[in-house]
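Proteins get letters first, then strands, A, B, ... in listed order; numbering begins at 1 in each. Side chains included, hydrogens not; waters and symmetry mates left out as well; all remaining heavy atoms used.
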Amino acid sequence: MLEIQQLRTDLDNITRELAKRGYVFPVTVFNKLEAERKAIQTKTQELQAQRNTASKKIGYAKSRGEDVTAIMAEVTQFGGELKQAEIQLEQIQEQLQKILLEVPNLPHSSVPQGKDETGNMSIRNWGTPKIFDFEIKDHVSIGEGLGLLDFEAAAKLSGARFSVMKGSLALLHRALTQFMLDQHTQEHGYTEIYVPYLVNTDSLRGTGQLPKFAEDLFAVRAGGVSKDDNTPSFHLIPTAEVPITNMVRDEIVPIQELPLKYVSHTPCFRSEAGSYGRDTRGLIRQHQFDKVELVHLVHPDQSYSALEQLVGHAEKILQLLDLPYRVMTLCTGDMGFSAAKTYDIEVWLPAQNTYREISSCSNCEAFQARRMQARFRNENGKPALLHTLNGSGLAVGRTLVAVLENYQNSDGSVTIPKVLRAYMNGLDQIGKKGGK
RNA sequence: GGAGAGAUGGCCGAGUGGUCGAAGGCGCUCCCCUGCUAAGGGAGUAUAGGCUCAAAAAGCUUAUCGAGGGUUCGAAUCCCUCUCUCUCCGCCA
């Protein structure tokens with residue numbers, strides 16, 4: 001959410017900045033509402049002040065046993081007018097709030113301008129894609145070939161875009177998670193945190209998923225779907241960013257506790273509405289996937305250095321796994337709703353002969369903090385908004401895909417990256433024999 | 001699921017219809033005194049808005065005592081709904 005004062009005083013600039021990300025701010029509607037708001041708010045407050053003074057007089061007079069019928073009559077006179085003004089004001093405020101909640105964040109000045117992913121800028125590459133001297137398979141063929149990946153079973157249990165993993169593949173999936181968590185907690189200074197996978201709407205509004213992106217979520221209610229009331233009680237988290245970041249909602253964090261750095265492993269649930277036909281094969285785009293998420297809650301002065309740090313931590317995982325990747329700065333048109341600046345890390349997938357997103361690291365500045373009133377007590381002892389950052393470190397399912405494809409052997413087996421072997425009961429290869 | 005108790009400022013805690021944005025205490029800030037790992041005295045100390053103002057400063061003003069609604073000229077206080085916390089019982093991994 002943007003600051004309303006900024007919109008009032010600097011509307012032209014903001015409109016121009018928002019246009020860079022393809023967002024058309026409703027200037028006319030906003031100005032009209034603001035003018036109305038100003039008039040009616042002033043009127044309301046004047047009437048309220050009158051009423052308060054009169055009420056105090058009544059109390060004072062009564063305590064001295066004087067007659068109060070005259071003053072009471074006076075108050076009753078404009079009581080109706082006040083009530084009407086209050087209702088009107090509330091309606092206008094609601095409309096303004098609705099507009100505000102749907103406006104995306106302003107892009108940081110360092111963000112390249114562009115209208116879609118073709119405008120993203122590669123800022124560095126790491127590693128060299130391996131040359132294979134045999135015909136490579138994609139991760140689906142590898143997993144199914146080993147009998148360890150079962151999309152038919154998943155379709156039976158749930159439907160499309162779900163997966164079942166078995167045996168050493170399930171173990172590899174778990175090993176990746178464990179490895180990432182250990183790396184972040186022991187080497188990068190994060191506090192591991194276990195959070196709810198079902199959250200309320202306040203949390204989703206706080207991080208920006210609601211009210212605008214409800215169709216991307218799964219809603220849940222106790223006792224099944226009720227016919228007379230379809231209001232969802234909870235939503236399944238689309239990312240751990242939601243519960244973790246909302247830890248500081250309506251909180252004032254003591255400055256000496258900053259920065260807060262949390263890591264959490266959770267499943268993520270996304271309806272992927274609007275992505276029909278994309279990545280229908282395999283593990284790339286699922287309704288349910290695991291992710292290790294990193295969140296920083298920091299002093300505003302620190303948020304851009306924190307962003308660099310955060311990306312570095314995610315990159316470190318790929319380096320240790322020896323998977324080639326590149327880092328992209330997302331352009332204005334491709335950034336998420338809440339982000340002021342985003343780096344995507346894309347991992348090399350040999351079967352697709354391209355780099356695919358495996359992590360997205362964003363600085364949301366005060367955008368989310370303002371929505372959720374997440375604050376700290378600053379140097380002057382005054383509450384001020386925090387800056388919030390989040391990034392995947394990494395998406396586990398996609399990392400698994402990358403390992404399978406990059407570490408595949410000509411006989412259909414997969415070599416286990418060295419750093420994972422300790423988590424794999426010493427296994428150095430998933431092969432036909434290692435299948436169970 | 002059943003029964004009961006509760007939710008007040010940074011913290012503790014008073015307050016059951018009127019001069020209450022809220023006593024008192026703790027903490028914190030500043031000043032004085034004293035003089036040295038202490039004690040005492042005084043003052044100050046919530047948040048979010050609106051308006052005036054070129055702006056700052058300042059002033060005026062509104063809202064906020066878990067949330068929302070209601071009664072009333074007036075609500076922390078009365079009524080209704082909800083949320084959360086605690087205690088006991090039941091159930092349960």
Side-chain angles (χ1 to χ4, degrees), chain A residues 1-12 30-31 33-97 99-101 194-206 221-224 226 228-229 231-235 243 246-258 366 369-386:
Chain A
M1 195 161 70
L2 303 180
E3 214 176 343
I4 187 138
Q5 286 92 335
Q6 214 184 339
L7 282 161
R8 287 183 189 130
T9 57
D10 199 20
L11 189 56
D12 289 350
F30 178 79
N31 281 335
L33 282 171
E34 259 297 289
E36 283 174 18
R37 190 224 92 229
K38 195 165 167 173
I40 290 164
Q41 183 162 3
T42 308
K43 182 180 163 196
T44 306
Q45 294 191 349
E46 270 168 18
L47 289 170
Q48 282 170 332
Q50 272 181 58
R51 181 204 58 198
N52 289 348
T53 327
S55 292
K56 276 190 181 173
K57 265 195 253 170
I58 292 171
Y60 192 48
K62 265 196 171 174
S63 72
R64 309 208 306 190
E66 292 167 9
D67 179 53
V68 295
T69 47
I71 321 172
M72 298 247 308
E74 187 198 322
V75 182
T76 316
Q77 229 173 15
F78 62 81
E81 200 186 347
L82 172 59
K83 191 88 197 162
Q84 207 186 357
E86 280 176 341
I87 291 168
Q88 227 180 329
L89 179 61
E90 194 186 336
Q91 284 170 348
I92 292 167
Q93 300 278 36
E94 264 172 32
Q95 290 177 61
L96 280 167
Q97 185 69 4
I99 292 176
L100 274 184
L101 281 172
Y194 173 85
V195 291
Y197 305 155
L198 294 171
V199 293
N200 58 33
T201 48
D202 284 346
S203 294
L204 289 157
R205 195 177 307 110
R221 69 176 300 116
S226 141
D228 47 8
D229 178 11
T231 311
S233 306
F234 297 108
H235 285 91
N246 275 281
M247 286 289 292
V248 289
R249 170 153 53 84
D250 295 320
E251 298 288 333
I252 298 177
V253 182
I255 192 167
Q256 64 270 18
E257 287 179 21
L258 299 179
R370 190 171 296 113
R371 290 175 157 243
M372 60 184 153
Q373 285 301 297
R375 297 177 293 176
F376 70 104
R377 207 163 278 283
N378 71 13
E379 298 79 355
N380 306 318
K382 292 289 169 194
L385 294 171
L386 287 166

Phosphate OP1/OP2 of B:U47 contacted by A:K382 side-chain N/O (<4.0 Å):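 So the side chain of A:K382 is within the cut-off, an N or O lying under 4.0 Å from OP1 or OP2 of B:U47.
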Short side-chain N/O contact from A:R370 to OP1 or OP2 of B:A48, under 4.0 Å: no
Contacts of type side-chain contact (heavy atoms from CB on, under 4.5 Å), residue [X], not counting sequence neighbours:
X: A:K43; answer: A:L47, A:E81
X: A:N200; answer: A:D202, A:S203, A:R249
X: A:N378; answer: A:F376, A:N380, A:K382, A:A384

Just checking [X]: base, sugar-phosphate only, or nothing, at a heavy-atom cut-off of under 4.0 Å?
X: A:K56; answer: sugar-phosphate
X: A:K38; answer: sugar-phosphate
X: A:P254; answer: nothing

Selection residues 63-76 of chain A - residue pairs positive for salt bridge (Lys or Arg N to Asp or Glu O under 4.0 Å), sequence neighbours left out: A:R64-A:E66
Pairs involving residues 83-92 of chain A, ordered by first then second residue, that meet salt bridge (Lys or Arg N to Asp or Glu O under 4.0 Å) (sequence neighbours left out): none
Check the distance between [N]'s [atom2] and [X]'s [atom1] and give it to me in whole angstrom.
X: A:R249; N: B:G66; atom1: CZ; atom2: P; value: 18 Å
X: A:I4; N: B:G49; atom1: CD1; atom2: P; value: 10 Å
X: A:Q256; N: B:G10; atom1: CD; atom2: C1'; value: 12 Å
X: A:L82; N: B:A63; atom1: CG; atom2: P; value: 9 Å
X: A:E86; N: B:G68; atom1: CD; atom2: P; value: 14 Å

Heavy-atom side-chain contact between A:N246 and A:V199 under 4.5 Å: no
Could you list, one pair per line, each protein nitrogen or oxygen that sits under 3.5 Å from a nitrogen or oxygen of nucleotides 56-62 of chain B, together with the distance?
unit_1: B:U62; atom_1: OP1; unit_2: A:N52; atom_2: ND2; d: 3.3
unit_1: B:U62; atom_1: O3'; unit_2: A:Q48; atom_2: OE1; d: 3.3
unit_1: B:U62; atom_1: O2'; unit_2: A:Q48; atom_2: OE1; d: 3.0

Intra- and interstrand pairs of RNA chain B - dot-bracket, Watson-Crick/G-U under 3.5 Å, | marks other strand: ((((((((.[[[..)..(.....]]]((((((.......))))))(((((((.....))))))).[[[[[..)....]]]]])))))))....
Same-atom distance (P) from B:U61 to B:G41, integer angstrom: 35 Å
Distance, C1' atom - from B:G13 to B:G24, rounded to whole angstrom: 8 Å
Counterpart residues, salt bridge (Lys or Arg N to Asp or Glu O under 4.0 Å), relative to A:R37 (two or more places apart): A:E34
By salt bridge (Lys or Arg N to Asp or Glu O under 4.0 Å) - contacts of A:E46 (at least two apart):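 Partners of A:E46 under the salt bridge (Lys or Arg N to Asp or Glu O under 4.0 Å) test: none.
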Given RNA chain B, 5'-ward residue of the pair A:R37 and A:K83, judged by closest heavy atom: A:R37
5'-most by nearest nucleotide on RNA chain B - A:G59 or A:Q41: A:G59
Check: A:L101 main-chain N/O paired with A:R371 side-chain donor or acceptor under 3.5 Å: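 Yes; judged by distance alone, with no hydrogens or angles, the pair exists.
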Out of B:G10, B:C73, B:U19, whichever nucleotide has its closest atom nearest the side chain of A:Y60: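 So the nucleotide nearest the side chain must be B:U19.
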